[in-house]
There are 2 protein chains.
Amino acid sequence: MPSFDHSAPDAPDLMTVLRALADPIRLEVVQTLSRVEYANCAALLGDRPKSSMSHHFQVLREAGLVRTEIQGVQHLNFLRRAEIDARFPGLLAAILQS
Amino acid sequence: MPSFDHSAPDAPDLMTVLRALADPIRLEVVQTLSRVEYANCAALLGDRPKSSMSHHFQVLREAGLVRTEIQGVQHLNFLRRAEIDARFPGLLAAILQS
DNA sequence: TAAATTGTTCGATGAAAGGCGAACAATAAA
DNA sequence: TTTATTGTTCGCCTTTCATCGAACAATTTA
């Protein structure tokens, strides 16, 4: 199953995670992914260009917040709940319910 | 008791809080204040200029994270635990223990 | 093969943010 | 009153970051 390289960001530091979340679009993406389980980029484009969203997903991946699986021509993005909760207990819950 | 104006930032939004925390110096200040109850600016200056720290405290105040009480010539900074916990339950705990 | 779909990558641009020194304000102490 | 102490404010500079269009890559479909 093809996918991006997620080997490095398995242990991101807190600053990287906070910086990734400190953006309105990325926070919205995380909140959406927490509800729908997965989504491709197109589903999360508002009226923004694809290149912008691609950048935001890259930041989220590098922060270890999102995992992307390539399925055919689509990139399915998942919120990495278990990994985030293991590394930063309570953080995701606090952010999602605020 | 003289102090800064903390009337407005009593209900900051999540983005403002995340942006305030997404800086290494400010995160360090918050972590320090969680241990010592209060501290003046001088106690938290590393070798940085005062103007830089003053700026960071302003950001923390505007995000509702820190309260500053003027006592004589010193400005005593407190972490606003209760208010933060009330508005963003679990957030502070998650960040401080990570 | 050819065309369409889905994202990525690249380069340029503009805005936001941090860092710093100098001048200023307020209080305390000599 | 004069000096010292503690932060703030201001202006400038630099760096970082988001945004966007265009070109490219990979896969699916006609």
Side-chain angles (χ1 to χ4, degrees), chain A residues 1-6 8-9 12-13 15-30 32-33 36 38-63 65-78, chain B residues 1-6 8-9 12-30 32-33 36 38-63 65-79:
Chain A
M1 179 181 298
S3 70
F4 282 73
D5 175 24
H6 296 101
D13 63 351
M15 274 306 309
T16 303
V17 170
L18 289 177
R19 266 201 275 255
L21 293 172
D23 174 274
I25 294 183
R26 291 193 294 263
L27 184 60
E28 180 191 343
V29 167
V30 168
T32 299
L33 288 181
V36 301
Y38 73 91
N40 62 355
C41 283
L44 298 173
L45 285 174
D47 51 353
R48 297 172 275 269
K50 299 180 297 180
S51 54
S52 292
M53 290 307 292
S54 184
H55 163 67
H56 288 304
F57 277 110
Q58 180 185 352
V59 173
L60 290 170
R61 277 193 298 267
E62 288 175 356
L65 293 173
V66 165
R67 173 174 47 89
T68 302
E69 290 183 7
I70 301 178
Q71 186 168 333
V73 74
Q74 300 192 73
H75 291 201
L76 305 187
N77 299 284
F78 299 78
Chain B
M1 177 181 301
S3 70
F4 283 73
D5 174 24
H6 297 100
D13 63 349
L14 182 58
M15 275 306 310
T16 304
V17 170
L18 289 176
R19 266 201 274 254
L21 293 172
D23 174 275
I25 294 182
R26 292 195 293 264
L27 185 61
E28 180 190 342
V29 167
V30 167
T32 300
L33 289 182
V36 301
Y38 73 91
N40 63 356
C41 284
L44 298 173
L45 284 175
D47 51 354
R48 297 171 275 269
K50 299 181 295 179
S51 53
S52 291
M53 290 308 290
S54 185
H55 161 69
H56 287 305
F57 277 111
Q58 181 185 351
V59 174
L60 289 171
R61 278 193 298 268
E62 289 175 356
L65 293 172
V66 165
R67 173 175 46 90
T68 302
E69 290 182 8
I70 301 178
Q71 187 168 331
V73 74
Q74 300 192 75
H75 291 202
L76 306 186
N77 300 284
F78 298 78
L79 186 59

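Hydrogens, waters and symmetry mates are skipped; everything else that's a heavy atom, side chains included, is used. Protein chains get the first letters and strands the later ones, always in sequence-line order, with residue 1 at the start of each.
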Checklist entry - For A/Glu69 and D/dT27, what is the distance between atoms CD and P respectively, to the nearest whole Å? => result 15 Å
Checklist entry - According to a strict under-4.0 Å criterion, is A/His56 in side-chain N/O contact with OP1 or OP2 of D/dT19? => result yes
Checklist entry - Side chain of B/Arg26, backbone of B/Ala20: donor and acceptor closer than 3.5 Å? => result yes
Checklist outcome for this item: Of all heavy-atom pairs linking A/Met15 and B/Leu21, the shortest is SD-O, 3.9 Å
Checklist entry - Nearest-Å distance, CG (B/Leu21) to C1' (C/dA17)? => result 16 Å
Next on the checklist: Please determine whether any donor N or O and acceptor N or O are separated by less than 3.5 Å between the side chain of B/Ser52 and the base of C/dG18.
Outcome noted: no
Checklist entry - Where each residue is assigned the nucleotide of DNA chain C containing its nearest heavy atom, which of A/Ser51 and A/Val73 is assigned the position nearer the 5′ end? => result A/Val73
Checklist entry - Within the structure, does a side-chain N or O atom of B/Ser54 lie under 4.0 Å from either OP1 or OP2 of D/dT8? => result yes
Checklist entry - Out of D/dA18, D/dC20, C/dT8, which nucleotide sits closest to the side chain of A/His55? => result D/dA18
Next on the checklist: Quick check on D/dG7: is either OP1 or OP2 less than 4.0 Å from any side-chain nitrogen or oxygen of B/Arg61?
Outcome noted: no
Next on the checklist: Using whole Å, what does the distance between atom C1' of nucleotide C/dA16 and atom CG of A/Asp23 come to?
Outcome noted: 12 Å
Next on the checklist: Does D/dA18 have its OP1 or OP2 closer than 4.0 Å to a side-chain nitrogen or oxygen of A/Arg26?
Outcome noted: yes
Checklist outcome for this item: Rounding to 0.5 Å, atoms CG (A/Leu60) and CD1 (A/Ile25) come to a distance of 10.5 Å
Checklist entry - Between D/dT27 atom P and A/Asn40 atom CG, what is the distance in whole Å? => result 17 Å
Item to check | Closest non-hydrogen atom pair between A/Ala63 and A/Val17, with its separation | outcome: O-CG2, 3.6 Å
Item to check | Closest to the B/Pro49 side chain, choosing from D/dA18, C/dG21, D/dT8 | outcome: C/dG21
Checklist entry - What is the distance from CD1 of A/Ile25 to P of D/dC17, rounded to the nearest Å? => result 16 Å
Item to check | Distance in angstrom units between B/Gln58 CD and D/dT8 C1', rounded | outcome: 9 Å
Item to check | Separation of A/Leu44 CG from A/Leu33 CG (nearest 0.5 Å) | outcome: 6.0 Å
Checklist outcome for this item: Out of D/dC17, D/dA18, D/dG7, minimum distance to the side chain of A/Arg19 belongs to D/dC17
Checklist entry - Can you tell me how far C1' of C/dT6 sits from CG of A/Asn77, to the nearest Å? => result 12 Å
Checklist entry - Taking CZ from B/Arg48 and C1' from C/dC20, how many angstroms apart are they, rounded to a whole number? => result 13 Å
Next on the checklist: Here's a test of your reading of the structure: between B/Lys50 and A/Phe57, which maps to the more 5' nucleotide of DNA chain C?
Outcome noted: A/Phe57
